[in-house]
Amino acid sequence: MLDWDDPLGQNTQAAANPAVVEQALASLSKIEVTETTQTKSVQLNGTEPVRADDKRVVNGLTDINQLAPFKYPWAWNYFLNANKNHWTPLDINMSQDIHDYHHKLSDTERHVYENVLSYLTTSDILAMRNIGLAVMEKMSAPELQIYQARQVYEEALHTWTYQHCIETIGLDQGEIYNRYRVVPEINQKIQMANRRLNAVLRADIDLHQRDDLETFVLSYLFFGAVFEGCWFYNGFSPIFALQRRGLMKGTAEQLQYIMRDEVMHCGFGIRTVKQIIVENDVQLDPVAICEMWDEAEACEKAYSSYVLRDPILGYSADEHMGQFRYIANRRARQLGIEEPFPGAQCALPWLDEPGQYSQGEKLF
Ligand SMILES: [Fe+2]
Ligand SMILES: [Fe+2]
C-alpha cells in the first residue's frame, strides 16, 4: 500500500514531507545528462526498431509512438512516481476551514488567504497551458511527453483544488478569479509568465533555429525553476504559517498535496532543460539569466508587499523574500548555474527543519 508520507518509498522514517520527494529527485538529478556520438546518426525512416541513442529531447527524428527502449528512464520514473501522489480535493475535510475563515481569521489573515488563492489559481491555469500547449508538443521522445501529459492533468487538478477551497469557504468567485487583473502586484507576476509562454507558443517557432531554441530553453527554465520551483514552492508558505497555528488546516493539507506535485514538476523541468542544453550545445546567456532572476525577484517583492502588507503572526513579507532568495539559489545550483543571491540564508527555519514542512535537504 502506498505510504502518503513517503510517496517515492525513499525513506520510511520520513513524515509527510515535500523534502522527501525533492531529495529523491535530487538524487536522480545527480545522474549526468547523457549524450553520445551515436545521436549524430539519427534513424530517419524504415521499419527497424527505434534505437535509444537516436532519441532527442527536441528535434528528434525517431518514431514518437514507440515508447521503449528508453533513452531517458528518469522521465519514465517521474511518471511512475507522480502516480503515487493522487488525491481529489473532495477527500479532505474543509468544515473547520469554513469556521476558521469566518470566525477566527483576522482581516489581515483573510487578506493573505484570499490573495494567495487568487494568485495560485490563475498561475495553475497558466502552468497547465504552458506545459500542455507550448512544451509537450515540442518533445520528440514519448517518455518525456507521457510525464508531461500527467503534469497537464495535475495542473488541472490543482485548479480544481483551489476552486473547491474558494467555493467551500464561500468567497465571491467572480471577484477572486478576476483579482489578478485588477491588482497590479499579482498581475505583474502573471504578465512575466505570459510573456515567456507567448514567446514559445507562436506557430512559427522553429527549434532548429538557434535563437528560437534558446528562447524555448529560457522559457522552460523559467517555468520549471522560477515559476514552479520558487513562486509556487514559496507561494504556499503563508497558508502553512496559518496551519502551524491550527488555522485553515484543510486548505493547507490540500496545498501539501499540490506542493509534492510542484516539486516534481520543477525537478523534471530542470532535468529536461539540462538535457536539451547538452544535446544541442546551448550556451545560456548570463545576462538573460541575470535579468530573469532580477525580474522574478522584483515581481515577488511587489507581490509579497501587497499580500503581506501587514505581517501575520509568524510570517512577514521580509521573511517571504528571504526564503525566495534562499530557494532561488537552490534552483540555480540544481541547474548548474551561478547563484543569483549569494549568501541568502533560510529566513523561515520551521520550513527547513525535519518534519511536516521541511525543505531541509542539503542537496548540493
Ligand atoms: Fe500546479
Ligand atoms: Fe506545476
Side-chain angles (χ1 to χ4, degrees), residues 18-19 21-26 28-29 75 78-79 81-82 85 116-117 119-136 139 144 147-159 161-162 180 186 189-197 200 216-237 239-240 254-274 276 289 292-293 295-297 299-300 303 320 323-335 337 340 351 359 361 363:
V21 181
E22 186 150 3
Q23 200 154 23
L25 299 178
L28 284 174
S29 71
Y78 267 88
F79 175 70
N81 289 325
N85 186 43
V116 165
L117 281 187
Y119 165 69
L120 289 176
T121 193
T122 306
S123 288
D124 248 310
I125 293 174
L126 219 161
M128 177 189 70
R129 294 178 59 242
N130 177 66
I131 204 74
L133 302 178
V135 175
M136 186 177 157
M139 299 293 110
L144 297 158
Y147 175 73
Q148 289 166 340
R150 166 81 194 191
Q151 186 178 342
V152 170
Y153 164 74
E154 288 173 352
E155 306 297 16
L157 175 62
H158 301 170
T159 300
T161 302
Y162 304 129
Y180 87 93
I186 297 177
K189 286 179 75 175
I190 300 300
Q191 290 310 323
M192 181 178 178
N194 257 334
R195 280 197 304 278
R196 290 177 186 271
L197 169 58
V200 295
F216 176 70
V217 166
L218 268 179
S219 175
Y220 198 6
L221 186 157
F222 165 78
F223 271 97
V226 179
F227 191 81
E228 296 179 301
C230 295
W231 284 355
F232 265 127
Y233 194 71
N234 208 30
F236 307 125
S237 302
I239 307 297
F240 295 154
Q254 306 264 19
L255 299 189
Q256 284 177 288
Y257 278 105
I258 295 176
M259 191 172 183
R260 290 176 191 158
D261 288 342
E262 295 301 343
V263 167
M264 284 194 265
H265 299 173
C266 167
F268 185 89
I270 287 174
R271 185 70 186 266
T272 304
V273 162
K274 289 169 75 173
I276 296 173
I289 296 286
M292 177 193 74
W293 287 122
E295 187 178 4
E297 182 195 31
C299 286
E300 190 71 349
Y303 169 81
H320 183 91
Q323 199 68 8
F324 165 80
R325 297 184 185 102
Y326 176 71
I327 298 300
N329 283 347
R330 178 183 299 166
R331 301 306 172 218
R333 291 194 300 274
Q334 290 171 319
L335 282 161
I337 61 177
L351 284 170
Q359 306 161 8
E361 80 281 29
L363 297 178

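Looking at Val200 and Arg196, their side chains never come closer than 4.5 Å, going by heavy atoms from C-beta outward. Contact check for His265 versus Glu154: side-chain heavy atoms found under the 4.5 Å cut-off. Here the side chains of Arg325 and Asn329 are not in contact, with every heavy-atom distance at 4.5 Å or above. At a threshold of 4.5 Å between non-hydrogen side-chain atoms, the residues Met259 and Gln254 do not count as touching. Under the 4.5 Å side-chain criterion, counting only non-hydrogen atoms from C-beta, Thr121 is not in contact with His158. Annotation: side chain of Thr272 is not in contact with side chain of Val135 (no heavy-atom distance under 4.5 Å). Between Tyr162 and Leu255 the shortest side-chain heavy-atom distance falls below 4.5 Å.
Separation of the Trp231 and Phe222 ring centroids falls under the 6.0 Å cut-off. Taking the six-membered ring for Trp and the full ring otherwise, Phe232 and Phe227 have centroids separated by under 6.0 Å.
Between Ala225 and Arg331, the closest heavy-atom pair is O-CG, 3.4 Å. Counting all heavy atoms, side chain and backbone alike, Ala332 lies closest to Trp293 at CB-CZ2, 4.2 Å. Between Ser219 and Leu197 the shortest heavy-atom distance is OG-N, 4.4 Å. The minimum heavy-atom distance linking Phe324 with Glu297 is given by the pair CE2-CA, 3.6 Å. Contact record, Tyr147 with Ala82: CE1-CB, 3.7 Å, taken as the closest heavy-atom pair. Nearest heavy-atom pair across Met136 and Gln148 is CA-OE1, 3.4 Å.
The aromatic rings of Phe268 and Tyr78 stand perpendicular to each other, their planes meeting at an angle above 60°, with 30° marking the opposite boundary.
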side-chain contact (heavy atoms from CB on, under 4.5 Å) assessment of Val273 paired with Leu218: CA-CA 9 Å; Val273 162; Leu218 268 179; over 6 Å; no

Walk me through it: do Tyr119 and Tyr303 pass the test ring-ring contact (aromatic ring centres under 6.0 Å, His included)? CA-CA 9 Å; Tyr119 165 69; Tyr303 169 81; 4.9 Å; yes

Between Ile131 and Phe223, does a side-chain contact (heavy atoms from CB on, under 4.5 Å) hold up when you go through it step by step? CA-CA 9 Å; Ile131 204 74; Phe223 271 97; over 6 Å; no

Evaluate the criterion side-chain contact (heavy atoms from CB on, under 4.5 Å) for residue pair Met128 and Leu133; output intermediate values, then yes/no. CA-CA 8 Å; Met128 177 189 70; Leu133 302 178; over 6 Å; no

Run the side-chain contact (heavy atoms from CB on, under 4.5 Å) check on Asn194 and Gln191 step by step: do they pass? CA-CA 5 Å; Asn194 257 334; Gln191 290 310 323; 4.2 Å; yes

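Looking at Gln151 and Glu262, their side chains never bring a donor and an acceptor atom within 3.5 Å of each other. Counting only N and O atoms by type, the side chains of Asn85 and Tyr257 include no donor and acceptor under 3.5 Å apart.
Between the side chain of Asp124 and the backbone N or O of Ala156 there is no donor-acceptor pair closer than 3.5 Å.
Ion pairing between Glu155 and Arg150 fails under the 4.0 Å rule for side-chain N and carboxylate O.
Taken to the nearest 0.5 Å, the CD1 atom of Ile337 stands 4.5 Å off from the CD1 atom of Ile289. Note that the CD1 atom of Ile239 and the CG atom of Leu120 stand 7.5 Å from one another [nearest 0.5 Å]. Atom SG of residue Cys266 and atom CE of residue Met264 lie 12.0 Å apart, to the nearest 0.5 angstrom. Between the CD1 atom in Ile276 and the OH atom in Tyr220 there is a gap of 7.5 Å [rounded to 0.5 Å]. In this structure, Arg330 CZ and Cys230 SG are separated by 9.5 Å, a value rounded to the nearest 0.5 Å. With rounding to the nearest 0.5 Å, the separation of CD1 in Ile270 from CG in Leu335 is 4.5 Å.
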